[in-house]
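As the structure lists them, so they are numbered: ligands from 1, and atoms in each ligand from 1.
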Amino acid sequence: MSADRASRVGIVVGSRSDIAAAEKAAAVLAELGVASETRVISAHRAPDLLAAWVASFDERGIGVVIAIAGLAAHLPGVVASQTTVPVIGVPMPGGVSDGLDALLAIVQMPKGVPVATVGVGNAENAALLAAEILAIADPDLRDRVIARRAAQTQAVLDDPTNATAEA
Ligand code: RP5
């Protein structure tokens, strides 16, 4: 598969305990018409399987990765170390500081291997950022991303509690 068909998102979680976040990301991507695939691969329990999955990105058409992890949260960085496909890390709540540990582990990647990081547990934003990255080369997807943003704004405007006082 050629690079210009890298239109899918690879979602990986380090544990089945994080699968709900992966499902949230996949649902947002599906809403935008973006295909995704989800894997449960621990970077420390199954490093060779993780490497094999990353090595298959070109043939699978994966153009962005969402890597979701808690605790030491090395999964996004390990994936990023093996590919130049953009990696978005989602730190998960829990641990000694309810996600602050995972947030710092993901956002504090040493220089040379970037990982984009969203807020703790914010799989929705990871999906939206993945879609925005893919939309750079996909005008139809760009239109859908813009439409979703507009609908979000309209929902705020339509909220009756936000009605301004009439003169
Ligand atoms: C990481 O440690 C996973 O990403 C998960 O967030 C956390 C807990 O994993 P389990 O104890 O559920 O295997 O591997």
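A donor-acceptor pair under 3.5 Å is formed between the side chain of Arg8 and the backbone N or O of Arg60.
For residues 66-79, every residue pair satisfying the side chain to side chain donor-acceptor pair (under 3.5 Å) rule, not counting sequence neighbours, is listed here: His44-His74. For residues 88-108, the set of pairs meeting the side chain to side chain donor-acceptor pair (under 3.5 Å) definition, not counting sequence neighbours, is empty. Sorted by first and then second residue, the side chain to side chain donor-acceptor pair (under 3.5 Å) pairs involving residues 20-34 (not counting sequence neighbours) are Glu31-Arg148.
By the rule that hydrophobic residues join a cluster once side-chain heavy atoms approach within less than 4.5 Å of another member, Val9 and Val40 end up as members of one cluster.
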Pairwise, report which nitrogen or oxygen atoms of ligand 1 are under 3.5 angstrom from protein nitrogen or oxygen atoms, and how far apart they are.
from	atom 1	to	atom 2	distance (Å)
ligand 1	4 (O)	Asp18	OD2	2.8
ligand 1	4 (O)	Gly70	N	3.2
ligand 1	6 (O)	Asp18	OD1	3.2
ligand 1	6 (O)	Asp18	OD2	2.6
ligand 1	6 (O)	Gly70	N	2.9
ligand 1	12 (O)	Ser15	OG	2.6
ligand 1	12 (O)	Ser17	OG	2.8
ligand 1	13 (O)	Ser15	OG	3.3
ligand 1	13 (O)	Arg45	NH1	3.4
ligand 1	13 (O)	Arg45	NH2	2.9

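Looking at heavy atoms from C-beta onward, Leu157 lies out of side-chain contact with Asn162 at the 4.5 angstrom threshold.
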